[in-house]
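Here the structure is laid out as structure tokens; the discussion comes afterwards.
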Protein chains: 2
Amino acid sequence: MDVKTLCLGVLTEGDRTGYEIKQRFEEAFNHFFGAGFGSIYPALAELTRRGLVTCESVEQEKRPDKKVYSLTPAGRKALVDELVATPPRHKVRSEFLVLMYFAHLLPPERVAEITEQMVAHWRPVIEGIERCVLASDAAEIQPGMRFAAGFGRAVLGAAAAYVDQNRHDLVAAVAGRTPDEAALAAAE
Amino acid sequence: MDVKTLCLGVLTEGDRTGYEIKQRFEEAFNHFFGAGFGSIYPALAELTRRGLVTCESVEQEKRPDKKVYSLTPAGRKALVDELVATPPRHKVRSEFLVLMYFAHLLPPERVAEITEQMVAHWRPVIEGIERCVLASDAAEIQPGMRFAAGFGRAVLGAAAAYVDQNRHDLVAAVAGRTPDEAALAAAE
DNA sequence: ACCACCATGTAAACGGTTACATGATTAC
DNA sequence: GTAATCATGTAACCGTTTACATGGTGGT
């Protein structure tokens, strides 16, 4: 499964331009599948070439032409076939956790900074997920979309909570103090 | 940050062969950073070429020569420099969640099967994380390693719990029933 | 003035996955 | 006999990331 498949998926929700598809990626798939223009535009070109989407150019004043893509019946079939055949992988690649794993090689202040950054980073992502499920045209939201959103909220919430609750002890330990000593230091 | 950095990291724990490094990836980094032989062996070759590790061949009976890699002072410095400069990203790429998002396009039995598979998949991963932190030579385990393990346990535990608790409702909804109807169906 | 938004695309670089290639040992 | 473990490596392929290229509109 690649960006092409996700583009077909977005187009099941209605006709879209490449730009709009990118926005949809950020709204809906942000927490589990990333894609930039550099992968979306070539994907759309390839899907057009294969006849899985059609493309209609719309003239605009003072802007480049819009290209509105639509899913073809063949495209819908290709999407379903691919989804049915895709094994359910779930990969995490976390430079953050690598950094934490080797925290004893970093300055303690850096460890403190990184953990703070991550907690701050996840908060708006979780809010974005909730905003997406509470969107106005709630009738269009399928149960699986709620499921994916709930998953993101639960998992990122757990991540943020874990880091927030354990970062002080980690920084103290990396600074060569026991949690008790750190509590004393904090009490001064 | 790439596989090369992680190899340097593993070698801070002691001299290792490529094969042993791969095993260490599976024990310690499994839940946040994957790597196969196809990326580890070339990484080691490149690190040797750059003088960041040294390589000593050890003859073995009836097996290919072992190549034992050791971190050089330059390698340790390169590792620390890279860690300090690395922004703390945390990326998820989940074909599983894509499948869930588009669950309404799949046969309900397939949705049931996938969710079961995922719950079953995470259980041994969590056990592996716990085994790793409870290892015999516990003195060698740094606080950051415990932190990363605790994170994995918390987050994968939340993931497995969420899927396990919500999969029945999802399957019911995808099958075109309300949870109430599904409860009635289940009671028959 | 500057930044964000709208709008599309190309091309090189990078890095990881997968398949291939070899081959003995040990345990079920 | 079949699979797992030990042990190393190469090469093609694939897909993403990043940088580049262009340019008007609207808000602070």
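A note on names: the letters A, B, ... follow the listed sequences, proteins ahead of strands, and every chain is numbered from 1.
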Please check if [X] and [Y] belong to a single hydrophobic cluster, counting links between Ile, Leu, Val, Met, Phe, Trp and Tyr side chain heavy atoms closer than 4.5 Å.
| X | Y | value |
| --- | --- | --- |
| A:Val3 | A:Phe37 | no |
| A:Tyr41 | A:Leu71 | no |
| A:Tyr19 | A:Leu8 | no |
| B:Val155 | A:Phe33 | yes |

Under a criterion of less than 4.0 angstrom to any heavy atom of chain A, what are the 5'-terminal and 3'-terminal contacting nucleotides of DNA chain C? C:dC5 to C:dT18
Please classify the nucleic acid contact of A:Glu46 as base, sugar-phosphate, or nothing, using heavy-atom distances under 4.0 Å. nothing
Which part of the nucleic acid, if any, lies within reach of A:Phe25 when heavy atoms closer than 4.0 Å are counted: base, sugar-phosphate only, or nothing? nothing
So, OP1 or OP2 of D:dA7: does either fall under 4.0 Å of a side-chain N or O from B:Gln60? yes
Taking only side-chain N and O atoms of B:Gln23, does any of them lie within less than 4.0 angstrom of OP1 or OP2 on D:dC6? yes
Quickly work out the [X] [atom1] to [N] [atom2] distance and round it to whole Å.
| X | N | atom1 | atom2 | result |
| --- | --- | --- | --- | --- |
| A:Asp65 | D:dG24 | CG | C1' | 14 Å |
| B:Tyr41 | D:dC6 | OH | C1' | 9 Å |
| B:Lys67 | D:dT8 | NZ | P | 8 Å |

Any side-chain heavy-atom pair of A:Val98 and B:Thr5 under 4.5 Å: no
With heavy-atom distances below 4.5 Å as the criterion, would you say the side chains of B:Met1 and B:Leu83 are in contact? yes
Within residues 67-93 of chain B or reaching into it, pairs that qualify as ring pair (Phe, Tyr, Trp, His ring centres under 6.0 Å) - sequence neighbours excluded: A:Trp122-B:His90, B:His90-B:Phe151
Would you call A:Glu46-A:Lys4 a salt bridge at under 4.0 Å N-O? no
How does each nucleotide of nucleotides 11-19 of chain D score, in 5' to 3' order, for protein heavy atoms under 4.0 Å: base (B), sugar-phosphate only (S), or none (-)? ----SSBB-
